[in-house]
Amino acid sequence: MDLGLGGKIALVAAASRGLGRAVAEELAREGAHLVICARGADALRETAAAIRAETGVKVAEVVADLSDPSGVARVTECALADFGRVDILVTNSGGPPAGPFESHSAQAWQAAVQQNLHSVVELSRAVLPGMKERRWGRIINVTSIAVKQPVDGLILSNSVRAAVTGFARTLANEVATFGITVNNVMPGYTRTQRVEDLAQRNASLHGSTPDAERAKWEGQIPMARLGEPAEFAAMVAFLASERASYTTGASIPVDGGWIRSLL
Ligand code: NAD
């Protein structure tokens, strides 16, 4: 299947490792040029160099903290300065901290909203005028299976992802006639540093081991294994493609069957 991504400009947020990096790699293999960001300059530089070497596409890297509005603004300013447009926006960021309700201060809530909702809104605001003008665009938000079934111990993530989903569903309706689609992809338990950290945390809480915690998750997943970042990235690449032109406002799981609801 030709995804029609050759020469498109894709901004992938939070892409120095994990799901964001896998998405950037997949889009680059399909011929899209990239703008990627993350907080750590060294990891970002290494990722950009590896993608250029493998695929030959142009990769602009922007060191930016997505929990800081000026960082978010810098990412889109650099993208527009370097490439003049953004065709595909993939919003992503680090996950908010785990812990029960009592463990999170008002500031922690504010930080989660800033990092995981506000960054999505502001990245979208910056790229939409150009997409509308060109009458083509793809916005894909990385959310979580927690949108369909909240995950115990992740109250910040569960709450803020729901807000992103409401934003995306409404925006999808507003921009649909401009040839712009807005979708969310919901990762299940996928083998990244974030999930490794959660396994370590749960192991200390339960007096067990990270292996035992991973085995508990695997026991809940019909495919009986964690996902690989590349499996997640393949879905994002399809939604970013020309071929996904009639899918909008959707939240699509990539979870090995973890969500057991009918719809
Ligand atoms: P990860 O921790 O492995 O990678 C996160 C990436 O985001 C890194 O590149 C990091 O440098 C960057 N980043 C973190 N905070 C940032 C900030 N403030 N500004 C800019 N960049 C920042 O995480 P991941 O597993 O790839 O997860 C990506 C997103 O998907 C997270 O929001 C996570 O909660 C969500 N998610 C992941 C899973 C999973 O199983 N991996 C499941 C559900 C949801």
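All ligand and atom numbering here is 1-based and tracks the order in the structure.
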Trainee: Show your reasoning for whether side-chain contact (heavy atoms from CB on, under 4.5 Å) applies to Glu196 and Arg214.
Mentor: CA-CA 9 Å; Glu196 198 45 47; Arg214 275 189 295 273; 2.8 Å; yes

Trainee: Tell me whether Thr76 contacts the main-chain N or O of Ala73 through its side chain, where contact means a donor paired with an acceptor under 3.5 Å.
Mentor: yes

Trainee: Side-chain contact, heavy-atom cut-off 4.5 Å: Val62 with Ile36?
Mentor: no

Trainee: Less than 3.5 Å apart, any donor N or O on the side chain of Gln114 or Ser119 sitting next to an acceptor on the other?
Mentor: no

Trainee: I'd like the contact residues of ligand 1, where contact means a heavy atom below 4.0 Å.
Mentor: Ala14, Ser16, Arg17, Gly18, Leu19, Ala38, Arg39, Ala64, Asp65, Leu66, Ser67, Asn92, Ser93, Gly94, Gly95, Gln115, Val142, Thr143, Ser144, Arg161, Pro187, Gly188, Tyr189, Thr190, Thr192, Gln193, Arg194, Val195

Trainee: Please check if any side-chain donor atom of Ser67 sits under 3.5 Å from a side-chain acceptor atom of Asp65, or the reverse.
Mentor: yes

Trainee: What is the ring orientation for Tyr189 with Trp258, classed by angle as parallel under 30°, tilted 30 to 60°, or perpendicular over 60°?
Mentor: perpendicular

